[in-house]
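If you read the sequence from its start, that first residue is 1, and numbering goes on from there.
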Amino acid sequence: MDNKPEGYYYVPQPIRNDGAGGVDKGPRDIMRDLENPDLLVPPITDAGLLPNLKFSFSDTHMTLNNGGWSREITVRDLPIATTLAGVNMSLTPGGVRELHWHQQAEWSYMLLGHARITAVDQNGHNFIADVGPGDLWYFPPGIPHSIQGLEDGCEFLLVFDDGHFSDLNTLSISDWFAHTPKDVLSSNFGVPMSAFNHIPKEQVYIYQDKIPGPIETQQVQSPYGKIPQTFKHSLLAQTPIKTPGGSVRIVDSTNFPVSKAIAAALVEIEPGAMRELHWHPNNDEWQYYLQGTGRMTVFAGNGTARTFDYRAGDVGYVPFANGHYIENTGTETLWFLEIFKSDRFQDVSLNQWMALTPSELVKSNLHVGSELLNALRKEKWPVVKYPGFSYYPR
């Protein structure tokens, strides 16, 4: 029976169960404190100084256009994230992210709805495909492409292999036309200058168009054929690595050959489970949280560790080779993406490392006994859940 008065809500205080801290009576954002319990009351194992490793797309500037919207997280928002930048974009039914290209590689994960993507490579091979939830695409640097929302519109995550990237500073066809003399355009295309009387005067970026017809009606036959390596991959349809507590789907250049600059893993963590203690030996990790709530402690060595809380729409970051875990702290399944500026996904499991090291050495180093040594696993389990040893919301 709930006897709390009407309008009552819990007010968290910066007091740890060992008695450290005290009541905060001053001005404060209580809702923010409720969302970040491990910043308000850090675990006693946190120590030292680590930079901020979290930023929410909800705290970013929204760019609104007829045809859709976009927002981005770059080093301007999350200074530690130097290797990758992210853009969250939505297109209305028929909305178009105009013909453009980048100096950076573009990797994308479809969140909602459906879109049509097109591209042409440097050899005149062309590409067109429809993508839906759980699909991704990859365009190498310099490859011109477009994105258009289909009947139900779409929302997607874009990731670029440069933390300083901004999607508002790309190379767009409308922008180039607007800044090229019309006599030059006339000479280039062999048509009168009047053909360019109505071209845009500045970058269009996103615009509203009609919903395109079936994909077969938009096919263009190139004399050079289609691209030799597809720019599309169906990640959610990929067979996962299943372990007690969740699953992992890994995509990199081994199963998506064109993706030579960005590797990723789609991680599922059930309530009470966790992404095991591990680190990545090849690059920093950029995370995007899709569903649920979780917390992560990052260990940077020399007595330094810090804990952060994450929820859907947040971006997390882990510097190169720093140890960490991600624990599901909610009652629904936690889904998130691990993304790397690399052609291969690589991680090192703390459990597997210990299991494949002489047990006498592990015992003497950590002062542990057979209870732990006999439980170590030689096989890697990216997600773990043990009955009686799982976290559930308190």
Q.
Could you go through Asp38 and Arg295, starting from their C-alpha distance and side-chain angles, then the distance that decides it, and tell me whether this counts as salt bridge (charged side-chain N to carboxylate O under 4.0 Å, His left out)?
A. CA-CA 8 Å; Asp38 290 288; Arg295 70 177 175 191; 3.4 Å; yes
Q. When Leu78 is tested against each of Val75, Ile80, Thr74 for side-chain contact (heavy atoms from CB on, under 4.5 Å), which residue passes?
A. Ile80
Q. What heavy-atom pair brings Ile269 and Ile326 nearest, and what distance separates the two atoms?
A. CD1-O, 3.6 Å
**Q.** Heavy-atom side-chain proximity of His125 to Lys226 below 4.5 angstrom
**A.** no
Q | Atom pair CD/CD1 of Gln148 and Ile128 - distance to nearest 0.5 Å | A | 9.5 Å
Q.
Pair Lys380, Asp347 - check salt bridge (charged side-chain N to carboxylate O under 4.0 Å, His left out), show working.
A. CA-CA 10 Å; Lys380 185 185 296 183; Asp347 69 347; 2.7 Å; yes
Q. Does atom OH of Tyr224 have more than 12 heavy-atom neighbours, drawn from other residues, nucleotides or ligands, at distances under 6.0 Å?
A. no
(Q) Within the structure provided, determine whether Met354 and Leu366 are in side-chain contact (heavy-atom separation under 4.5 Å). (A) yes
Q. For Ser172 and Gln203, which heavy atoms make the closest approach, and how far apart are they?
A. OG-OE1, 2.6 Å
Q: Would you give the length of the straight line joining atom CG of Asn126 to atom CD of Gln221, rounded to the nearest 0.5 angstrom?
A: 7.5 Å
**Q.** Spacing of Thr83 atom OG1 and Ile339 atom CD1 [to the nearest 0.5 Å]
**A.** 10.0 Å
Q: Kindly say whether the aromatic ring centers of Tyr109 and Phe156 come within a distance under 6.0 Å.
A: no
Q) After noting the C-alpha distance and the side-chain angles of Val96 and Leu91, does the key distance pass the side-chain contact (heavy atoms from CB on, under 4.5 Å) rule? A) CA-CA 7 Å; Val96 179; Leu91 297 173; over 6 Å; no
Q) Between Trp137 and Trp107, is any pair of side-chain heavy atoms under 4.5 Å apart? A) no
Q: Give a yes or no on whether the backbone of Gly124 and the side-chain of Asp121 come within a donor-acceptor separation of less than 3.5 Å.
A: yes
**Q.** Smallest separation among heavy atoms of Val11 and Arg28, with atom names
**A.** CG1-NH1, 3.7 Å
Q: Write down the atom of Trp101, the atom of Ile143, and the distance for their closest heavy-atom approach.
A: CB-O, 3.8 Å
**Q.** Shortest non-hydrogen contact between Ser108 and Leu157, atoms and distance
**A.** OG-O, 2.8 Å
Q: Check whether more than 12 heavy atoms from other residues, nucleotides or ligands sit under 6.0 Å from atom CG of Leu361, and answer yes or no.
A: yes
(Q) Atom CG of residue position Asn302 - does it have more than 12 heavy atoms of other residues, nucleotides or ligands inside 6.0 Å? (A) no
Q: Verify whether the ring centers belonging to Phe139 and His145 lie closer than 6.0 Å.
A: yes
Q. Under 3.5 Å, is there a donor-acceptor pair between the Ser259 and Ser253 side chains?
A. no
Q.
A quick test of your reading: do over 12 heavy atoms of other residues, nucleotides or ligands sit less than 6.0 Å from CH2 of Trp69?
A. yes
Q) side-chain contact (heavy atoms from CB on, under 4.5 Å) between Phe308 and Arg306: does it pass, once the steps are laid out? A) CA-CA 7 Å; Phe308 298 85; Arg306 189 176 177 190; 3.3 Å; yes
**Q.** Within the 6.0 Å centroid threshold, strictly below: Phe165 and His102
**A.** yes
Q) Are Thr333 and Glu270 linked by a side-chain donor-acceptor pair shorter than 3.5 Å? A) no
Q. Side-chain contact, heavy-atom cut-off 4.5 Å: Leu150 with Asp130?
A. yes
(Q) Is it the case that the side chain of Asp314 and the backbone of Tyr289 share a donor-acceptor pair, with hydrogens and angles ignored and the cut-off at 3.5 Å? (A) no
Q: Return yes if some donor-acceptor pair links the side-chain N/O of Ser186 with the main-chain N/O of Val191 below 3.5 Å, else return no.
A: yes
Q. Mind checking whether Trp286 and Tyr288 have parallel, tilted or perpendicular rings, split at 30° and 60°?
A. parallel
Q: Apply the test side-chain hydrogen bond (donor to acceptor under 3.5 Å, both in side chains) to residues Tyr207 and Asn65: give CA-CA distance (whole Å), side-chain angles for both, the deciding distance (0.1 Å), then the verdict.
A: CA-CA 7 Å; Tyr207 68 94; Asn65 296 81; over 6 Å; no
Q.
Atom CE of residue position Met193 - does it have more than 12 heavy atoms of other residues, nucleotides or ligands inside 6.0 Å?
A. no
**Q.** Side-chain heavy-atom pair Gln291, Glu332 within 4.5 angstrom cut-off
**A.** yes
Q: Give a yes or no on whether the backbone of Ala355 and the side-chain of Arg377 come within a donor-acceptor separation of less than 3.5 Å.
A: no
Q) CG/Leu158 to CD/Gln104 distance, rounded to the nearest 0.5 angstrom? A) 12.0 Å
(Q) Test your reading of the model: is there a side-chain donor-acceptor pair from Asn197 to the backbone of Ser194, 3.5 Å cut-off? (A) yes
Q. Of the non-hydrogen atoms in Val315 and Tyr310, which two are nearest, and what is the gap between them?
A. O-CE2, 3.9 Å
Q. So how far is it from Glu35 CD to Ser56 OG, rounded to the nearest 0.5 Å?
A. 8.0 Å
Q | Identified side-chain hydrogen bond (donor to acceptor under 3.5 Å, both in side chains) counterpart of Ser174 within the set His179, Glu98, His100 | A | Glu98
Q | Donor-acceptor contact below 3.5 Å, side chain Asn255 vs main chain Ile250 | A | yes
Q | Test of ring centre spacing under 6.0 Å for His280 and Phe340 | A | yes
Q | Distance-only side-chain donor-acceptor flag, Glu276 / Ser349, under 3.5 Å | A | yes
Q.
Distance check, rounded to the nearest 0.5 Å: Asn351 atom CG versus Leu376 atom CG?
A. 5.0 Å
(Q) Parallel, tilted or perpendicular, judged at 30° and 60°: which one describes the rings of Tyr138 and Phe256? (A) perpendicular
Q: Assess whether atom CD of Gln229 is packed by more than 12 heavy atoms of other residues, nucleotides or ligands within 6.0 Å.
A: yes
Q. Is a side-chain N or O of Arg275 found less than 3.5 angstrom from the main chain of Asn328, in a donor-acceptor match?
A. no
Q) Would Asp59 and Arg32 pass as an ion pair if we require N to O under 4.0 Å? A) yes
Q: Please confirm whether the backbone N or O of Gly272 pairs with a side-chain atom of Ser390, one donor and one acceptor, at under 3.5 Å?
A: yes
**Q.** Trace of the side-chain contact (heavy atoms from CB on, under 4.5 Å) decision for Gln287 with Met296
**A.** CA-CA 11 Å; Gln287 303 166 339; Met296 174 173 69; 3.4 Å; yes
Q.
By the salt bridge (charged side-chain N to carboxylate O under 4.0 Å, His left out) test, which pairs, at least two apart or in different chains, include something from residues 153-180?
A. Arg97-Asp167
Q | Check: Gln352/His278 side-chain N/O donor and acceptor closer than 3.5 Å | A | no
Q) Is the number of heavy atoms from other residues, nucleotides or ligands within 6.0 Å of CG (Asn52) greater than 12? A) yes
Q.
Test your reading of the model: is there a side-chain donor-acceptor pair from Lys385 to the backbone of Pro271, 3.5 Å cut-off?
A. yes
Q: Report the C-alpha separation of Met89 and Glu72 in whole Å, then their side-chain angles, then the decisive distance to 0.1 Å, and conclude whether the side-chain contact (heavy atoms from CB on, under 4.5 Å) test is met.
A: CA-CA 9 Å; Met89 184 176 291; Glu72 62 186 29; over 6 Å; no
